[in-house]
Amino acid sequence: MPSDSTQTASHWGVYHVRTDPGTGLLSADASPLDPHSSPLRHGLPEAVRDRSRIDRPHVREGWLRHRGASRADRGSEPFVPVDWDTALDLVTDALTDAKERLGNSSIYGGSYGWASAGRLHHAPSALKRFLGMFGGYVDKIGNHSFGAALAIAPYVLGRNDIGNLVVRWPELVAHTRLLVLFGGAASKNGQNDAGGAIGHETPDRFADARAAGMEVVCISPSRDDVPDGAQGADWIPIRPGTDVAMMLALAHTLVADGRADRAFLESACVGYPEFERYLTGADDGRPKDAAWASAICGVGAATIEGLARRMAGTRTLVNTSWSVQRADHGEQPIWATVALAAVLGQIGLPGGGFALGIGAVSGNSLPRPDGIPRPTLDLGTNPVTTAVPVGRVYEMLLNPGTDLPHDGGTIRLPEIEVVHSAGGNPFHHNLNLNRFVRAWQRPGTVIVHEPWWSPPARFADIVLPSTTTMERDDVAATEHSRYWVAMKQVIAPYAHSRHDLDVFSELADRLGFGHDYHGGRDQAAWLRHLYDRARATAVERGFDSPPDFEKFWAAGHHEFAMPDEERAPLLSDFRADPAGHPLGTPSGRIELVSDTIRGYALPDCPPHPSWLEPSEWLGGDVGAHPLHLLSGQPAHRLHSQLDNTAGSRASKVAGREPITLHPDDAAERGLSAGDVVRVFNDRGAFLAGVAVAEPGTVLRGVARMATGAWYDPAQPGVAGSLDKHGNPNVVTSDRGTSELGQCPAAQTCTVQVELCPDPPPVTAFDPPEILAAR
Ligand SMILES: Nc1nc2c(c(=O)[nH]1)N[C@H]1C(S)=C(S)[C@@H](COP(=O)(O)OP(=O)(O)OC[C@H]3O[C@@H](n4cnc5c(=O)[nH]c(N)nc54)[C@H](O)[C@@H]3O)O[C@H]1N2
Ligand SMILES: Nc1nc2c(c(=O)[nH]1)N[C@H]1C(S)=C(S)[C@@H](COP(=O)(O)OP(=O)(O)OC[C@H]3O[C@@H](n4cnc5c(=O)[nH]c(N)nc54)[C@H](O)[C@@H]3O)O[C@H]1N2
Ligand SMILES: [Mo]
């Protein structure tokens, strides 16, 4: 690397930033650690100087005058610049007032979000550590990524370490001969990994596996989900939300053919006889055979039967992508995946069985030693025990005091007075944004830490400007890599922005627990402290000692050595001796029927994997909204991050987020590529730019969009406003997956699309109105 460049890292990779001596412009080069650097790296050097940066603290005008009495104006008003001293006084007053009047359970600190890669300056961790020491906060339960899997896996497998339920590349290449991908493994998603993607190897590894003879079948509404490197893969288009029907029919075919692995079902599972009665229709008179499934999922019966026979004839891995469970009854596809793999009987064999989310992030299948510690900030303890599922935040804000069914019990929803948020974009991750706007206007005070005038900053009362990773020193480390990477400060903090950690340290000082919070450490001392602690843990766990901090910093990274022996396949010890290596389920075995769940008697989560009709789908009564809208991860950014940069903006159509339509769906509506359309259902409406899919690449009736366009309401702060820019969450449903998980179900959504002849201009990236300081 040139000596005039500085190494930093992001969720999308490690790179080296250079300043052009003439123009002062920043640019990013790939890191030699990374065989295929992601083009996303060009975004941050641009974004750090974007005009949407927040230069100093700001307070919403109405809140400054009337405090919580002005809550309904949140999101619609101009901001007043204030100095840090004033801003931090206002924050401590709001927090102290809430604590004294209503107790710490009136403070929501469940702040969800990917924030930035560095582990020291991880904004949600800094916030939670702070609020914990302040006496506690209401936290969140679960995540948006694989929440339903987290909810159901303990009942089925006795564990919820979803990240470990994958098969790594060496095993895939050596042993898997047929990889069946429900939801595909779209290559765009392999660009990112929380904490800092190090190597982008997924396409190469798919190519290796193909060369070794692995066949790939991609079952998805869109051919784009066939991963790069898997050339020649079969694509089976499926109706969104119907994978469970196809999984059940695959299992039914195996049973009908006499190819169910009865020995495995007997020794390693409980409940198979009851599940089989469901499959064969012995009790309900409706066999879940290929013909039955075909009518639901749109895949031909012969195709389903043929695939089942292929699967039984070779070493097969069934992988289900996380998106498939981000839907109504999302617990079911996870349970059905395990059940199908159990009937096939290859669980615990090398390269066989099931996996979740291969390719969903860059590193989850990369080989690495298990148990590498990471230099992360301690969250400490949270004295408040109330927590609310991430998918039910609206319920908490709108209906405090009511009971939310969850996981077999209920949660009494707390009354929230202060929302304190750092490192996430609630106007990206939440669904049904019109309902969310109403919910967000309920608390008395909303405090947001943000580098940019992104939607969460515009919908805050007190806005505290954060630095970005390029303005601080840090260490990147993901769960999925064998590297620790030095992130070095490239440029001075923008204007009056400050590190989140410093802001929380000063708030803690003001509130009297500064020493507990920061221990007198500045950034350099913190980094060394976290590093030394992780290093000691590494040694305790039997790793070769990483170098001391100075050497690490000078080298720029540390690579942990790979173990010599191959990793044992998932559940291989359990398969070999189910009694000796029981699972954490009540029976110690894989539960195809869960008596615990039966005992909950839930309306929407039966005691075994089941096909349940989604609330919105192409096989149902679509009424006035006949298109199924899938809103997946964006290729040109990470969620809403980098939407304000050239790479993302170049992907827009007529300045809006593209919506990709089947050619016949476009033609039927008289639409052509480049048109601006209004996309709507009963929950709301937004504008998008039309892209028309290549013929034969997407199922008829399916419309596809990326998430992450900055929410841009025509009437800011008014629930129901048209969004001018194309944020699909204006129309998605906030219904929970089920009373078990209560997880986000973004993919269950139908819409209508019509031409918008006279679209208003997009203003998402213009800073809000700023009044004179007073
Ligand atoms: N329709 C639909 N919606 C979805 C999904 C879907 O599939 N469909 N997917 C869901 C999923 S899986 C996820 S994980 C969520 C993602 O949702 P989020 O993680 O909330 O999305 P991000 O855009 O990454 O939000 C991160 C925010 O942190 C800010 N930030 C970055 N660095 C810093 C920092 O150092 N300090 C501070 N204070 N802030 C910083 C960024 O500017 C940005 O506003 O979205 C969910 N939403
Ligand atoms: N570039 C980029 N990469 C990312 C992210 C990002 O924002 N940008 N976000 C990261 C995060 S937080 C996460 S959680 C992962 C998410 O990883 P995933 O959840 O796997 O990603 P998605 O893009 O939501 O969905 C993948 C595909 O599933 C298909 N699909 C949707 N519904 C159905 C269905 O009902 N059945 C079937 N068979 N297929 C369906 C869609 O066609 C979609 O393209 O991605 C990560 N990677
Ligand atoms: Mo996610």
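Each ligand, and each atom within it, is numbered from 1 in the order the structure gives.
The shortest heavy-atom contact between Lys140 and Tyr108 is CB-OH, 3.6 Å.
Here is the list of ligand 1 atoms found below 4.0 Å of a heavy atom in Gly113: 18 (P), 19 (O), 20 (O). If you number the atoms of ligand 1 from 1 as listed, the ones under 4.0 Å from a heavy atom of Trp452 come out as 42 (O). Residue Trp114 has at least one heavy-atom neighbour below 4.0 Å for each of these atoms of ligand 2: 11 (C), 12 (S).
Nearest to atom 46 (C) of ligand 2 by heavy atom, out of Pro237, Ser187, Ala360, is Ala360.
For atom 34 (C) of ligand 1, the closest non-hydrogen atom of the protein is Asp500 OD2, 3.6 Å. The nearest heavy-atom contact from the protein to atom 12 (S) of ligand 1 is Ser145 CA, 3.4 Å. Of the protein's heavy atoms, His429 CB, 3.5 Å lies nearest to atom 15 (C) of ligand 1. Looking only at protein heavy atoms, the nearest one to atom 29 (C) of ligand 1 is Glu450 OE2, 3.0 Å. Annotation: atom 25 (O) of ligand 1 to nearest protein heavy atom, Asn425 N, 3.4 Å.
Remark: His625 engages no residue in a ring pair (Phe, Tyr, Trp, His ring centres under 6.0 Å) (not counting sequence neighbours).
Polar contact with ligand 2: present for Pro634 (N/O pair, distance under 3.5 Å). Close N/O approach between Ser631 and ligand 2 is not found [any backbone or side-chain N/O within under 3.5 Å]. Inclusion of Arg326 in the set of residues having an N or O under 3.5 Å from an N or O of ligand 1 is warranted.
Using a 4.0 Å heavy-atom cutoff, Arg637 is listed among the residues neighbouring ligand 2.
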TODO: Go through the steps for Asp643 and Lys652 under the test salt bridge (Lys or Arg N to Asp or Glu O under 4.0 Å), then give the verdict.
DONE: CA-CA 10 Å; Asp643 193 34; Lys652 311 263 170 176; 2.7 Å; yes

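Using a 3.5 Å distance cut-off with no hydrogens or angles, the side chains of Trp335 and Glu331 do not pair a donor with an acceptor.
Contacts between Ser321 and ligand 2 below 4.0 angstrom, taking non-hydrogen atoms only, involve the side chain exclusively.
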